[in-house]
Protein chains: 4
Amino acid sequence: METHSIGIIMNGVTGRMGMNQHLIRSLLAIREQGGVKLANGDVIMPEPTLMGRNKDKLWALSEAHGCLPWSTDLDVLLADEHNKIYFDAQTTDRHFPCIKQAIEAGKHIYSEKPVAPRVEEAMELYRLAEAKGVKHGVVQDKLWLPGLLKLKYLIDTGFFGDILSVRGEFGYWVFTGEHTPLQRPSWNYRQADGGGIIIDMLCHWRYVVDNLFGNVTSVSCLGANHIKKRWDERGKPYDADSDDAAYATFLTDQGVVCHFNSSWCVRVRRDDLLTLQVDGTKGSAVAGLRDCVVQHDSATPKPVWNPDIPSPIDYWAGWTPMPNTRPYDNAFKAQWELFLKHIVADEPFRWSLKEGAKGVQLAELGLKSWADRAWMDVPEL
Amino acid sequence: METHSIGIIMNGVTGRMGMNQHLIRSLLAIREQGGVKLANGDVIMPEPTLMGRNKDKLWALSEAHGCLPWSTDLDVLLADEHNKIYFDAQTTDRHFPCIKQAIEAGKHIYSEKPVAPRVEEAMELYRLAEAKGVKHGVVQDKLWLPGLLKLKYLIDTGFFGDILSVRGEFGYWVFTGEHTPLQRPSWNYRQADGGGIIIDMLCHWRYVVDNLFGNVTSVSCLGANHIKKRWDERGKPYDADSDDAAYATFLTDQGVVCHFNSSWCVRVRRDDLLTLQVDGTKGSAVAGLRDCVVQHDSATPKPVWNPDIPSPIDYWAGWTPMPNTRPYDNAFKAQWELFLKHIVADEPFRWSLKEGAKGVQLAELGLKSWADRAWMDVPEL
Amino acid sequence: METHSIGIIMNGVTGRMGMNQHLIRSLLAIREQGGVKLANGDVIMPEPTLMGRNKDKLWALSEAHGCLPWSTDLDVLLADEHNKIYFDAQTTDRHFPCIKQAIEAGKHIYSEKPVAPRVEEAMELYRLAEAKGVKHGVVQDKLWLPGLLKLKYLIDTGFFGDILSVRGEFGYWVFTGEHTPLQRPSWNYRQADGGGIIIDMLCHWRYVVDNLFGNVTSVSCLGANHIKKRWDERGKPYDADSDDAAYATFLTDQGVVCHFNSSWCVRVRRDDLLTLQVDGTKGSAVAGLRDCVVQHDSATPKPVWNPDIPSPIDYWAGWTPMPNTRPYDNAFKAQWELFLKHIVADEPFRWSLKEGAKGVQLAELGLKSWADRAWMDVPEL
Amino acid sequence: METHSIGIIMNGVTGRMGMNQHLIRSLLAIREQGGVKLANGDVIMPEPTLMGRNKDKLWALSEAHGCLPWSTDLDVLLADEHNKIYFDAQTTDRHFPCIKQAIEAGKHIYSEKPVAPRVEEAMELYRLAEAKGVKHGVVQDKLWLPGLLKLKYLIDTGFFGDILSVRGEFGYWVFTGEHTPLQRPSWNYRQADGGGIIIDMLCHWRYVVDNLFGNVTSVSCLGANHIKKRWDERGKPYDADSDDAAYATFLTDQGVVCHFNSSWCVRVRRDDLLTLQVDGTKGSAVAGLRDCVVQHDSATPKPVWNPDIPSPIDYWAGWTPMPNTRPYDNAFKAQWELFLKHIVADEPFRWSLKEGAKGVQLAELGLKSWADRAWMDVPEL
């Protein structure tokens, strides 16, 4: 029984996502549970080093978690043989040069999405990593949401019969910041700073659809800039000029129609912030982040259109919640564990830089579809 | 106080819709309530004559409702001076010649939708009626659904602030007929017989959007033929080759994005068979056929994305049902009363043959958008 | 469009079952609805003649239903050419001679179950009818109970995956008659009068199992005479010496284990007077007389045994009621309509005298299993 | 007031049952509450020594509970005079030699069930213990389940009148391990490893029936191997060849018919994982693990069979839950306290090795009944 200590450079870990999801709820949680156990009894123990540009923030974060090592100098960290993995949670426009440098230093790569602002850059990173022979992966956390794992279970067990269509509804009301402070970073609503919901969310929808419903073959996307004035973190008004809603339809090579609405300008009357309704010949399901309800053919009512009377059918009653038949871990942590096993024990890991590039590709084509007012084919990368 | 008796030729009244909605729940209900009262105290009393091609059915329908007059001969009925209105509820392909003949005979025209299979024919009828100087209207019943009247109230009272987007979900599971008999006519699923959900439903969405959210200026529509084999009324399998779902997005001259899913292959997890979610800067509403719930800015929660725990917000709790502040009549009857007042007292009635033609136009452009994989502009008629 | 009038001799129609289920709710209901419609538009109109031994009862029954023809003389009725069908709802021991005579007179035969007290007699009737070339059928009403039709739907649509086992629970508390009058005939509890629950109910279970779960190949049955003293219709105590409960297990050629408890000495804590729980690899269902609830694999909870705390799982919550997707007719009437179509239009009808004999066979073998304390094979008839 | 410290060798305590139920929830809980109080004010204080074959596990278990003494050497522990009781929770095939050795060393014996794989061995242990003059007992925990204690109360107070029959339903859906990990050890489903539900559960049913409804005099049992392929703890498929369901009927010397279904292939639509329905002339009860509902004669409805309408009787409404009139301890702990009193104060304890042998006897005869397809008499031991 051996313990494999493995150094991880965590670049951009002072941001909200890097800190909460990747450091605290993933790597530190793995350390607390005694590492990741392999089939042969060995244990992988991640040893993170914090990296960023703001020394104060790094120092504070280190202090708060038992004096973790930290640095602002990528060269130094890459030179350290103990560091085997380079992880990047910086803003998108900073990924490319750092990941490239890390590949050259022979580090394995793990990156937040979107892996790069444009698909060519994302693919270049993929090719560089392959050429160098390092392993690589991209965060695709939604696949490990309990709700989506339940959907996966239904697909694997043939619950749906033939899957016909998927309705995705993502979003919630993001306050403008005028009377109620906004609950997302203000740059999300500025084009110049890389904002926009299409680039943010279509990366997600790509791997969700690819993994569950077949490879995306074409896309039609309408963006909208519904709210044009917002107030930033300091309460100052600014031009909110990026797309804050996207109405997108995807077709897959399995013939499934996937329509996804994504919006920061919608009030939520549904089971969860993200819901996926899947309809098949034999049954339907609506998954949220954690829960999933099903309606099998046998429980499907036969409605008759008669608006003169209140509906004799309670449309909510015919759905059954799926029970929790196993514990569900944090989605980010689940993917981290798989990545660490991939590095140490060479277990399979299909969520590579190329898969990450596919997400960027779909976002780009979505933007082009909006501009050209037409469907776009999605070529193989 | 005068009573205006007015003869109405009801062609195609032996069909399900003609019989239930137009004859029984509209005209006979109006007769039972003592006619339609005008502002000056006068009363309009409709006097329907049943018309169709099957004598047995006509006779039986007449018998069942107190021996109403009936005939299979349009010439005879048009020659009768007492008949002032020609109403057509036949299948779409039969409308054109009959309505044309009725216009020539100087009758006022009222017709079920789609008024014709192609927009040129629909517009020709409009031009003929205008040239002849007869009055005319097309059934647009959904506008008088209690749920949509409540939406109208919210719009008129400025509840929404600026309206940003509309999500329409229409549909339910239509059984294939294999194990459970289908609950809609089998021809709906055969192209050769005029089936298809696009021609059926986009006519509705046109007037709903035009009347509530601004004139439709462009459309993107994807049709789907999800289920390719069905069993007909006699239990025999057939090729179901028409579109049974439509994923359509409309833009309006008020800048509202309207996305409507229509499907006969979807299981219902929502408030009603048709729901319209309207989101505005100041509030949102979700209307069904009869009810409507609202969430004002003041009641809008501020969700935070954290899939590690069950949502601390109950997304259903923040919505309030609108009360019924007035009685709601059958939607078809409501429009009939307005049409009769239009005929007798010249009250305004904006749902003309031209408006009907607009519905056909949108369906045609929807089909073209599907074929061409591109957005279509909607020219003025 | 022709009307086929068809005379039916209804022997034993003054009994509870004959009167309520066969005369009033079946044949008279069919007359009221305008007969049975055939595919070609023709109509079958049954014309019942009441028959029995008590003139007063016959006269009263006739009067109550519009002066139906009646007689106590079988010879006369059989001689009448208009009578095409002989139906027998007498007590079991009277079936044989009357049915035999009717076969000889060339009448088609329809009979209540058990068709005879012993399997040889039941089979002799079958052979006589076949030799004479008359058509024949036996009442197997439970197959048309809405609850069992729903089960059939689940089986036909593959809901269960592989069916593993069936738990049948039939019965309720039949009062002894001492303080509360008994709600079943007292002869049911006297051996000498043909009482006993095994002969009564195993006939039903045979066709239920054969039709839904595979042909019965062996049986183990324990009878019990739980309550030995009862009070009859006049309040007089008597020896209740027949079996009033049966604990029977059947195996089928599809490898399904069917365990059925039948009892008149059980209080009901279940969904209905008869429930069938079917468990399969993919899902389970519990059907009652009219309703059926399902639990699909996807909704199956994962219980852990811990009696120290109240169960964290609500075992009722994971079941969904099947909706009514079509109207359900009276079960007896449904079978009558099929039989009439079989007679007039030669439509298929598999519930023949031979099928009736199978029911008697199972009851006989059940009794033998009880006596011999061993499993019995069920040979083919 | 004296304190009687009593050393207990706990063999096999690292297994799930030994650790949770016997060590933690029984003996450690007794220590925490200050021991077992006797009528004379004396106190019994159990002093457990952990025993097993895996030193790591023993050490960890000891550490976790305040450094309890532990050993892997039975000879050493038996040689220690302070140890008065030998308790065995190993797998069944290891009981015999260890218990025999402990008897020879003069220790009192307490053992998990089944006390041995075959009845002769179980009886030999009984005879050895009697010959040596040591005291002995076998775990029969279900007798102290709150639900069964409530049943006992009803029996003792004459609630049922004459008890006629008992319906036991035990079981739940054990996942195959293909898509959802199985929730029981995989060896339960392998014959070669001592798996099978008959040997597991009939031991329980023996003492439950003997203690509540009269001594079992005969048994008919059908085993079934419903699911033939399962996936083990490491996700590997294997042949599941042991019986996973048992359909058994027992007769008792009090004339009660007891039918028990036990299954790991059944979905639960009942009050609890184990339910016992008892029907008597004066009333009925359905007991679960903790709760029990009753229906007295006075509350018994009088149902009429009419499937044409929904049942006018709510069959659930006529049952009343029994209140908790006293605190219920963990069932294992309750029996431990009685056994300790039996050892120290010679209080009666009827659940001896002979009673344990009876359980094994019934399981053996159940298997033989299945093989021989016949009822088996249960001879006195």
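Lettering follows sequence order; numbering is per chain, from 1. None of the values given here were measured: they were computed from a predicted structure.
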Strictly distance-based, threshold 3.5 Å: is any side-chain N or O of C:Arg167 a donor or acceptor partner for the main-chain N or O of D:Glu169? no
Which bit of D:Pro301 comes within less than 4.5 Å of chain C, counting heavy atoms only: side chain, backbone, both or neither? backbone
Drop me the distance from C:Arg184's CZ to D:Trp305's CH2, to the nearest 0.5 angstrom. 10.0 Å
Do D:Thr281 and C:Thr176 come within less than 4.5 Å of each other through their side chains, counting heavy atoms only? no
Starting at CH2 of D:Trp173, measure out to CG of C:Asp297 and round the result to the nearest 0.5 Å. 7.5 Å
Ignoring hydrogens, what is the shortest heavy-atom contact between D:Asp271 and C:Tyr315? Give both atom names and the distance. O-CD1, 3.8 Å
Closest approach of C:Asp279 and D:Cys265, non-hydrogen atoms and distance? CB-O, 3.7 Å
Where does D:Thr249 contact chain C at under 4.5 Å (heavy atoms): side chain, backbone, both or neither? side chain
Using the rule given for side-chain contact (heavy atoms from CB on, under 4.5 Å), can you reason through C:Trp319 versus D:Arg267, listing the C-alpha separation, both sets of side-chain angles and the distance that settles it, and then say yes or no? CA-CA 10 Å; C:Trp319 297 84; D:Arg267 291 183 181 83; 4.1 Å; yes
Can you tell if the side chain of D:Thr300 reaches within under 4.5 Å of the side chain of C:Phe175, non-hydrogen atoms only? yes
Verify, without hydrogens or angle tests, whether C:Lys302 (side chain) and D:Pro181 (backbone) share a donor-acceptor contact under 3.5 angstrom. yes
Max heavy-atom pairs within cutoff under 4.5 Å with chain D, candidates C:Asp329, C:Thr180, C:Ile313, C:Val293, goes to C:Val293
Can you tell me which portion of D:Asp272 sits under 4.5 Å from chain C's heavy atoms? Options are side chain, backbone, both or neither. both
If you count heavy-atom pairs under 4.5 Å between each of D:Gly283, D:Gly288, D:Gly147 and chain C, which one has the most? D:Gly283
Distance, nearest 0.5 Å, that separates OG of C:Ser263 from CG of D:Leu164: 8.0 Å
Is a side-chain N or O of D:Arg290 found less than 3.5 angstrom from the main chain of C:Asp308, in a donor-acceptor match? yes
Measure the shortest side-chain to side-chain distance between D:Ser165 and C:Tyr247 over non-hydrogen atoms and say whether it is less than 4.5 angstrom. yes
Leading residue by heavy atom contact count with chain C [cutoff under 4.5 Å; candidates D:Leu145, D:Val268, D:Asn330, D:Asp291]: D:Val268
Which bit of D:Lys142 is near chain C, if near means a heavy-atom gap under 4.5 Å: side chain, backbone, both or neither? side chain
Taking every heavy-atom pair that is under 4.5 Å apart, which of C:Ala374, C:Pro303, C:Pro146 has the most such pairs with chain D? C:Pro303
Please round to the nearest 0.5 Å and tell me the distance separating atom CG of C:Leu222 and atom OG of D:Ser220. 8.0 Å
Heavy-atom distances under 4.5 Å only: say whether D:Val286 touches chain C with side chain, backbone, both or neither. side chain
When you look at NZ of C:Lys152, are more than 12 heavy atoms from neighbouring residues, nucleotides or ligands closer to it than 6.0 Å? no
Please classify the contact between D:Leu251 and chain C as side chain, backbone, both or neither, with a heavy-atom cut-off of under 4.5 Å. side chain
State, yes or no, whether a side-chain contact exists between D:His226 and C:Val256 at a heavy-atom distance under 4.5 Å. no
Is any side-chain heavy atom of C:Asn261 closer than 4.5 Å to one of D:Gln277? no
Go through the atoms of D:Val174 and report whether side chain, backbone, both or neither lie under 4.5 Å from a heavy atom of chain C. neither
Tell me, do C:Trp316 and D:Arg269 make a side-chain contact under 4.5 Å, heavy atoms counted? yes
